[in-house]
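Structure first, then comments.
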Amino acid sequence: MLDEAEISQVIIESFSQKLIAHLRNDVVIVGGGPSGLVLGERLARAGFRTALFESRLATGGGVWGGGMLMNQIVLQEEGMAIAREYGIRGTEHRPGYWAVDAVAMTAKLTAAAVDAGLVIFNGIEAEDVAVKNDRVDGIVINWSLVRTSTLPVDPLLVQSRITVDSTGHPSAVVNMLASRGIIPPARGEAPMNCEAGERMTVEHTGCVYPGLYVTGMAACGYHGSSRMGPIFGGMLLSGVKAAEAITRELRP
Ligand code: 48H
């Protein structure tokens with residue numbers, strides 16, 4: 001006979017164990033879009049204790065919507081080379097332009113990251129950062145539902161040697177420092193220019209303050225790069241670049 005209280009106990013105990021195991025981390029990634037997932041997969045595979053916090057229920061960020069809710073995305077050859085590592089298939093619909101199913105891309109990036117050992121907490125958001133001795137020391141977390149409910153519920157803190165802002169368009173974590181004058185203000189996304197946007201997003205991926213890195217559209221918005229619409233190679237390459245830079249910092 002199935003016992004209802006046993007089911008509840010399994011959930012409460014196993015979730016608590018998972019969260020307690022990630023109260024101290026090598027790396028915390030905020031946001032589970034394509035750049036955060038690639039970054040998380042690579043860091044977890046390299047053996048770093050890595051957790052990803054995603055405010056929504058599902059990972060994938062802006063991938064799901066494809067272009068104007070047509071759930072296909074485009075990858076250029078460099079992006080496709082990374083996608084293939086995750087078993088993501090594409091069709092070269094026009095020379096140099098690969099069409100990829102948005103659902104398959106999200107599912108495969110997420111599965112690869114989880115298989116590599118990345119622990120994903122969904123429905124939880126970073127509402128603030130901790131700063132100690134002029135260095136980001138971790139994130140302040142709360143259930144995403146708390147913000148929408150407006151209930152006055154105090155958060156918890158998760159420590160991390162490195163925190164990564166992979167929150168996409170809002171550049172949420174860097175703005176937590178910028179709004180207090182700790183780092184310069186975000187420049188905001190420049191108008192659409194796919195070629196420049198893809199290149200600049202990767203160029204601007206990196207450390208913005210001791211202990212804080214930025215990837216993907218968060219890097220684009222913070223540094224004032226052009227936006228690029230539904231082409232995603234730059235996001236995958238940004239995750240790869242951040243993983244390399246963080247690995248160098250943590251394992252000099
Ligand atoms: C926890 C949070 C918080 C928070 C936000 O937007 P994303 O897909 O991010 P990227 O940068 O990996 O990819 C960007 C791409 O999807 C895109 O939008 C492109 C290419 N646009 C081009 C254009 O011209 O418009 O994912 C970010 C994720 C989302 O799932 C959010 O829910 C999540 O971060 N998030 N999670 N705490 N405070 N804020």
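First listed ligand is number 1; within each ligand, the first listed atom is number 1.
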N/O pairs closer than 3.5 Å, ligand 1 and protein:
from	atom 1	to	atom 2	distance (Å)
ligand 1	8 (O)	Gly62	N	2.8
ligand 1	11 (O)	Met217	N	2.8
ligand 1	12 (O)	Pro34	N	3.4
ligand 1	12 (O)	Ser35	N	2.9
ligand 1	12 (O)	Ser35	OG	2.8
ligand 1	16 (O)	Gly62	N	3.4
ligand 1	18 (O)	His169	NE2	3.1
ligand 1	21 (N)	His169	NE2	3.4
ligand 1	24 (O)	Arg227	NE	2.7
ligand 1	24 (O)	Arg227	NH2	3.3
ligand 1	24 (O)	Met228	N	3.3
ligand 1	24 (O)	Gly229	N	2.8
ligand 1	25 (O)	His169	NE2	3.2
ligand 1	25 (O)	Arg227	NH2	2.7
ligand 1	30 (O)	Glu54	OE1	2.7
ligand 1	30 (O)	Glu54	OE2	3.0
ligand 1	32 (O)	Glu54	OE2	2.6
ligand 1	32 (O)	Ser55	OG	3.3
ligand 1	32 (O)	Arg56	NE	3.4
ligand 1	36 (N)	Ser55	N	3.1
ligand 1	37 (N)	Ala126	N	3.0
ligand 1	38 (N)	Ala126	O	3.0

Are any of the side-chain heavy atoms of Leu109 and Leu236 separated by less than 4.5 Å?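 Touching, per the 4.5 Å side-chain cut-off.
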Are His169 and Glu189 packed together at the side-chain level, in the sense that at least one heavy-atom pair is separated by less than 4.5 angstrom?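 The answer is yes; the side chains approach within 4.5 Å.
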Quick one: does NZ or CZ of Arg84 land under 6.0 Å from the six-membered ring centre of Trp98, within 45 degrees of the ring axis?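 Yes - Arg84 lies over the ring of Trp98, closer than 6.0 Å to its centre and within 45° of its axis.
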Any chance CZ of Arg251 has more than 12 other-residue heavy atoms, nucleotides or ligands included, within less than 6.0 Å?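 Yes, because the 6.0 Å sphere around CZ of Arg251 holds more than 12 heavy atoms from other groups.
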Relative to the ring of His223, is the ring of His204 parallel (under 30°), tilted (30 to 60°) or perpendicular (over 60°)?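 Rings of His204 and His223: parallel, under 30°.
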Passing candidate, side chain to side chain contact (heavy atoms under 4.5 Å, CB included) with Val28, options Val164, Thr50, Val129, Ile139: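 Going through Val164, Thr50, Val129, Ile139 one by one, the side chain to side chain contact (heavy atoms under 4.5 Å, CB included) with Val28 is satisfied by Ile139 alone.
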